[in-house]
Participant: 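Submitted below is the structure of interest, expressed as structure tokens.
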Amino acid sequence: MAEYQDDNIITLNWYEHIRTRPGMYIGKKGDGSSHDDGIYVLLKEVMDNAIDEFMNGYGKVIDITIKENRVTVRDYGRGIPLNKVVDCYSKMNTGRNFKGDFASIGMNGVGVKAVNALSTHLLVQSVRDGQMKRAEFSAGLLTKEYPIEATDEKNGTMASFLPDNTIFENYEWYTEYIENLLWNYVYLNRGLTINFNGKRFYSKNGLLDLLNKKVGDNALYEPIYLKDDNFEFAMVHTNRKYGEEYYTFVNSQYTEHGGTHQQAMREAIVKTFRDFFKKNFEPADVRNSVVANMSIKVKDPIFDSQTKTKLGSEHIEPGGQTIRNYVNDMIGRLLDNYLHKHPDVADVILKKIQEAEKERIAISNLKKQTKEIQKKVSLHNKKLRDCKYHFNTNDSRGLETMIFITEGDSASGSITQSRDPNTQAVFSLKGKPANIIKSKSAIYSNEELSLLQAALNIEDGVDGLRYNNIIIATDADVDGMHIRLLLMAFFLKYFPDVVRTGHVYVLQTPLFRVRNKQKTVYCYSEEEKLQAIKSLGKKPEITRFKGLGEISPKEFKGFIGKNIRLEPVVLDAKSNIDAVIEYYMGKNTPQRQSFIMENLREEIDNFSEES
């Protein structure tokens, strides 16, 4: 029998537990390249406290700066009671929201404690009525507590923290992700101004501004905007052919992964249009190309985790109406009234639904004609080497899951041999996939893309996505760049939600290996190669990796492990998807060839001059 004694049982301090199991508090760690990486959760936890103050009627401005990775958030609310400043940042389950409140984000007294524990340095300052209290921490431990002193600063709280680079290795802040977070805050809180590194964020029209920003010039009609007590809803159909896009909020908290309220909203949209037009449309036809957002208030909300990205509550308040019935009642009543008052909008919507219905039927017929391909897809996906855990289940490691889309057997072989089979899957393409930008029906007559769609499980939308990260892994040459563009066009054209929700990345692998007998350096750019040559001395051995298949499985393991380098595919809100795809994948071949050549990372093979 294995040794099992008293000293085998240990008790961790609160900060030790957070640092040992950060995933329980912030989801995943990451390096900042993904919008849901831990550093953004830290920022959000501090911001939520400032937003709570605004929602309670205190402080209309929040100032944020990020300089050399240090984040500083200053609100102008009431300030933390001075004798409780240290407790609020260093004692678990300490907070003011335990009584339950419709107008509150933070609820369980954990958030800023996680920020504290996961930062190498944190300074908190509270100002109340001419007096100020400050305290400093490192990795959760109080390092310096200042006495209360007089000040002429305005009331409010300031928190300044530096994320721990031993936990968030090689991290960097992506401005696009931060700005999206801040825009969501101001859309949900009219009258709030957020200043971030000199840029002002302010919304006059709330969720209507959010909808217009997401839709751009693609709206088929004037967006529908509906409002009632503690309820706000906006929607529009677009001229995009595929996908549906939702942004839902609970108590001003963006629920990125949806939940009970979002499911109820999708259901209510379908039911209302069915009832209004008196026709039993397919749900997918009604929701095709819809962009919608909704905000509700829930008392004592239950989320799936501390990160609060998915609502699990069944009721608006304990013992009250179900969220499903509440959302269906609200949308059903308000949207039906709107359609009766705006028959011109109703006509446009009906035509859009009928167009989607016509294409769905055509695709269904095509599937029957290509039954051999569909049979292969349903029986065995020979292109896929799957992993154990998946994103669309309740697997504990779902957030870690990724699928590498590679070209050829040699590249997929190296990745397959070096991957973690628990969370990393591999899909192998046979050369270049077809350019199918004209019609979605072309997917079903193309075996490779049918298999890819099936592997990802996205035919019916992003909700079924089996992997959190879709990683395009191609060679750094002309063919590799072309395949990368084809795959990006495939996602942007037919599954844009996968890109918009931050699931698509490009794998960065080293271009060079520079080594001598003592040390090996992998270089991802020409500049890194020159630095390596300089640091290793005269005449090191230099290898140019011209393809992923040239990298040994042993070496590849280091490139797709904890130090993996990913470049996110980010779609700017102002981008016109059809125009982007037409430029890269349309008939403008000379321009596309120029783009590929100008953006390739090629070796300047002149080592004698470099050294």
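All of these numbers come straight from a predicted model, not from anything done at the bench.
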Participant: I'd like to check Val514 versus Leu536 (side-chain heavy atoms, cut-off strictly below 4.5 Å). Are they in contact?
Facilitator: yes
Participant: Do Gln453 and Ser450 have a side chain donor and acceptor closer than 3.5 Å?
Facilitator: no
Participant: Please verify the inter-ring angle class for Tyr254 with Phe249; under 30° counts as parallel, over 60° as perpendicular, anything in between as tilted.
Facilitator: tilted
Participant: Do Thr309 and His257 pair up side chain to side chain, a donor and an acceptor below 3.5 Å, judged on atom types alone?
Facilitator: yes
Participant: Is a donor from one side chain sitting under 3.5 angstrom from an acceptor on the other, for His503 and Asn469?
Facilitator: no
Participant: Just jot down the ring-ring contact (aromatic ring centres under 6.0 Å, His included) partners of Phe137, sequence neighbours excluded, or say none.
Facilitator: none
Participant: Distance from Ser428 atom OG to Glu407 atom CD, nearest 0.5 Å?
Facilitator: 9.5 Å
Participant: Is Arg565 paired with Asp31 through a side-chain N to carboxylate O contact shorter than 4.0 Å?
Facilitator: no
Participant: CH2/Trp183 to NZ/Lys214 distance, rounded to the nearest 0.5 angstrom?
Facilitator: 11.0 Å
Participant: Please confirm whether the backbone N or O of Tyr524 pairs with a side-chain atom of Glu528, one donor and one acceptor, at under 3.5 Å?
Facilitator: yes
Participant: Would you say the side chains of Tyr505 and Ser34 form a donor-acceptor pair under 3.5 Å?
Facilitator: yes
Participant: Can you name the side-chain hydrogen bond (donor to acceptor under 3.5 Å, both in side chains) partners of Thr543, sequence neighbours left out?
Facilitator: Arg513
Participant: Under 4.0 Å between a side-chain nitrogen and a carboxylate oxygen: does that hold for Lys529 and Glu526?
Facilitator: yes
Participant: Is the Tyr174-Tyr40 ring centre distance short of 6.0 angstrom?
Facilitator: no
Participant: Judged by modelled atom types alone, do Glu244 and Tyr246 share a side-chain donor-acceptor pair under 3.5 Å?
Facilitator: yes
Participant: Just checking, any donor-acceptor pair under 3.5 angstrom between side chains of Asp164 and Tyr171?
Facilitator: no
Participant: Would Arg466 pass as a cation-pi partner of Phe391, given that its NZ or CZ must be under 6.0 Å from the six-membered ring centre and within 45 degrees of the axis?
Facilitator: no
Participant: Is the gap between the ring centers of Phe161 and His121 under 6.0 Å?
Facilitator: no
Participant: Considering non-hydrogen atoms only, spot the tightest contact between Leu399 and Asp36 and give its length.
Facilitator: CD2-OD2, 4.2 Å
Participant: Checking Ser552 side chain against Glu555 main chain: does a donor-acceptor pair fall under 3.5 Å?
Facilitator: yes
Participant: Does the distance from a Lys or Arg side-chain N to an Asp or Glu carboxylate O, for Asp37 and Lys28, drop under 4.0 Å?
Facilitator: yes
Participant: With a 4.0 Å cut-off on N to O distance, would you call Asp420 and Lys562 a salt bridge?
Facilitator: no
Participant: State which residues pass salt bridge (charged side-chain N to carboxylate O under 4.0 Å, His left out) with Glu179; sequence neighbours excluded, sorted by chain then number.
Facilitator: Lys199
Participant: What is the distance from atom OG of Ser33 to atom CD of Glu567, rounded to the nearest 0.5 Å?
Facilitator: 8.0 Å
Participant: Are Thr509 and Tyr522 close enough that some pair of their side-chain heavy atoms sits under 4.5 Å apart?
Facilitator: no
Participant: Less than 4.0 Å between a side-chain N and a carboxylate O, is that true for Glu400 and Lys388?
Facilitator: no
Participant: Assess the residue pair Leu162 and Val71 against the criterion (side chain to side chain contact (heavy atoms under 4.5 Å, CB included)); give the C-alpha distance rounded to whole Å, side-chain angles, the decisive distance to 0.1 Å, and a yes or no.
Facilitator: CA-CA 6 Å; Leu162 182 66; Val71 182; over 6 Å; no
